[in-house]
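First up is the structure itself, then whatever we jot down about it.
Every heavy atom of this structure was used, including side-chain atoms; hydrogens, water molecules and symmetry mates were not.
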Amino acid sequence: MTDKPLRVAAIDFLNPAPLMWDLEHPPFAAQLAPHYELHYTAPAECAANLLAARADLGLIPIAALTPELAIVPGLTIASLDEVRSIQLVVKLKSGSLDEDPDDALRSVRTIAADTASRSSLAYTHILFRKFLGIEPEFHPAPANPIAMLQTADAALLIGDPALLALESRDQIERHICLWIDIAHQWRTRTGLPWVAAVWAVRPESLGPHSRTRTQLIDDLTQSRDHGQAHIDDLVREWTPRIPLTPAAIHSYLTRNIHYHLDADCLETLSLFRRYAAEISLLPPIPNPLFL
């Protein structure tokens with residue numbers, strides 16, 4: 001009997017590209033196609049599809065993890081310091097870049113927020129409510145920084161729109177702005193890496209007629225390793241797709257993003273959920289399930 005393919009909720013952003021290498025590129029894509037059925041969507045929708053059993057495996061924000069979902073070990077989308085792709089753009093009311101960054105953040109009352117990732121939103125809530133002790137209002141908005149800053153004190157940009165905004169700061173800044181890297185804020189205040197997403201699976205989807213636990217881990221780990229070995233190919237592939245220079249794409253994939261779910265990243269998973277629970281943002285997961 002042939003395998004029943006696992007339905008995969010995937011993200012068509014730049015940062016997961018190395019993780020997806022074997023699933024999307026020859027020769028391995030053809031070998032894996034009978035076992036994995038790819039469906040591309042936004043990060044938040046990946047989680048929704050997985051939780052609703054419309055998908056079996058997904059790259060999901062850590063904010064969307066539940067006790068029933070099993071984390072695939074060793075794999076993540078994280079950053080050891082500045083990630084560049086999560087930017088909080090704050091209008092400086094003083095009009096001076098000499099203003100203390102924490103003072104500028106404490107002056108924020110409204111945030112126009114891209115809602116592409118629940119984790120990025122949650123990290124931003126933690127920054128304000130846990131670390132700064134204030135509660136600005138968050139309003140969902142399309143990822144258009146000029147329009148966002150016309151209606152709010154700050155704009156939260158997530159993923160590729162954040163990378164593009166960094167390359168267009170002169171066109172975006174109608175006011176003097178402070179650009180805050182949310183991952184760097186987390187690193188500075190906790191000493192830990194910033195973790196955005198993990199591969200998660202519904203354990204009941206693995207069985208005698210689909211990929212086994214060991215096969216799934218091996219497939220995804222090998223895909224990550226092959227992707228990191230083909231960064232130059234990914235740069236060539238993505239340069240026509242996103243208006244960033246090849247150098248910027250290469251730097252982002254090799255310096256800004258970290259793809260190994262190591263001990264420090266696991267500590268972040270625990271601390272992130274604890275802080276989110278302390279501010280009543282997310283329920284705690286004291287003992288997350290691992291595949």
Side-chain angles (χ1 to χ4, degrees), residues 8-25 28-29 32 36 38 40 43 46-47 50 57-65 69-86 116-117 119-120 123 158-160 162-163 181-184 186-187 190 192-201 214-238 241-242 244 246-272 288 290-291:
V8 182
I11 310 167
D12 194 22
F13 276 3
L14 174 59
N15 58 21
L19 296 178
M20 299 294 297
W21 179 267
D22 282 1
L23 296 167
E24 296 178 331
H25 297 85
F28 296 102
L32 295 174
Y36 299 96
L38 300 183
Y40 293 91
C46 283
L50 197 58
L57 171 69
L59 265 174
I60 70 168
I62 63 170
L65 282 171
L69 297 176
I71 299 169
V72 180
L75 303 160
T76 189
I77 297 173
S79 181
L80 300 182
D81 194 352
E82 293 185 352
V83 71
R84 293 180 59 222
S85 53
I86 311 294
S117 168
S119 291
S120 300
Y123 275 108
I158 296 170
D160 295 351
L163 293 173
D181 188 297
I182 295 297
H184 177 68
W186 176 264
R187 180 76 189 197
T190 67
L192 291 170
W194 172 86
V195 179
V198 293
W199 280 115
V201 64
T214 299
Q215 287 172 323
L216 175 62
I217 294 172
D218 288 348
D219 289 343
L220 296 181
T221 301
Q222 179 176 265
S223 183
R224 188 268 320 276
D225 293 345
H226 288 162
Q228 291 194 288
H230 286 85
I231 293 297
D232 289 342
D233 295 313
L234 284 170
V235 170
R236 284 189 290 271
E237 180 180 317
W238 275 86
R241 296 179 60 182
I242 186 170
L244 296 174
I249 295 173
H250 189 279
S251 177
Y252 178 67
L253 293 176
T254 57
R255 297 183 181 182
N256 297 113
I257 302 297
H258 177 69
Y259 293 102
H260 295 258
L261 190 63
D262 53 28
D264 284 347
C265 289
L266 292 176
E267 190 173 346
T268 289
L269 281 177
S270 175
L271 187 63
F272 167 81
F290 285 84
L291 195 60

Going by the rule side-chain hydrogen bond (donor to acceptor under 3.5 Å, both in side chains), which residues pair with S270 if we only count those two or more places apart in sequence or in a different chain?
none
Residues that E24 engages under side-chain hydrogen bond (donor to acceptor under 3.5 Å, both in side chains), provided they are two or more places apart:
Y40
I'd like to know if the side chain of [X] reaches the main chain of [Y], judged simply by a donor and an acceptor atom lying under 3.5 Å from each other, with no hydrogens or angles considered.
| X | Y | value |
| --- | --- | --- |
| S79 | N256 | yes |
| H25 | W21 | yes |
| Y123 | V195 | yes |

Salt bridge (charged side-chain N to carboxylate O under 4.0 Å, His left out) involving [X] - partner list, sequence neighbours excluded:
| X | answer |
| --- | --- |
| D181 | none |
| R224 | none |
| R236 | D233 |

side-chain contact (heavy atoms from CB on, under 4.5 Å), that's the test. Do L65 and I60 meet it? Break it down for me.
CA-CA 8 Å; L65 282 171; I60 70 168; 3.9 Å; yes
Among residues two or more places apart or on two chains, list those pairs meeting salt bridge (Lys or Arg N to Asp or Glu O under 4.0 Å) that have a residue in residues 9-19.
D12-R241
To the nearest 0.5 Å, tell me how far [X] [atom1] sits from [Y] [atom2].
| X | Y | atom1 | atom2 | value |
| --- | --- | --- | --- | --- |
| H260 | L80 | NE2 | CG | 10.0 Å |
| L32 | D219 | CG | CG | 5.0 Å |
| H258 | C265 | NE2 | SG | 4.0 Å |
| N15 | L253 | CG | CG | 8.0 Å |
| I242 | L163 | CD1 | CG | 5.5 Å |
| L75 | S223 | CG | OG | 9.0 Å |

Trace of the side-chain contact (heavy atoms from CB on, under 4.5 Å) decision for L261 with I71
CA-CA 10 Å; L261 190 63; I71 299 169; 3.9 Å; yes
Verify whether one side chain among E237 and H230 offers a donor that lies under 3.5 Å from an acceptor in the other.
no
I182 vs V83 side-chain heavy atoms within contact, under 4.5 Å:
no
Go through D160 and S85 one step at a time and tell me if the side-chain contact (heavy atoms from CB on, under 4.5 Å) criterion holds.
CA-CA 6 Å; D160 295 351; S85 53; over 6 Å; no
Where F13 and G159 come nearest, the two heavy atoms and their spacing:
CE2-CA, 4.0 Å
From CA spacing to verdict: side-chain contact (heavy atoms from CB on, under 4.5 Å), W199, L216:
CA-CA 11 Å; W199 280 115; L216 175 62; over 6 Å; no
Aromatic rings F272 and W186: how do their planes relate, parallel, tilted or perpendicular, breaks at 30° and 60°?
perpendicular
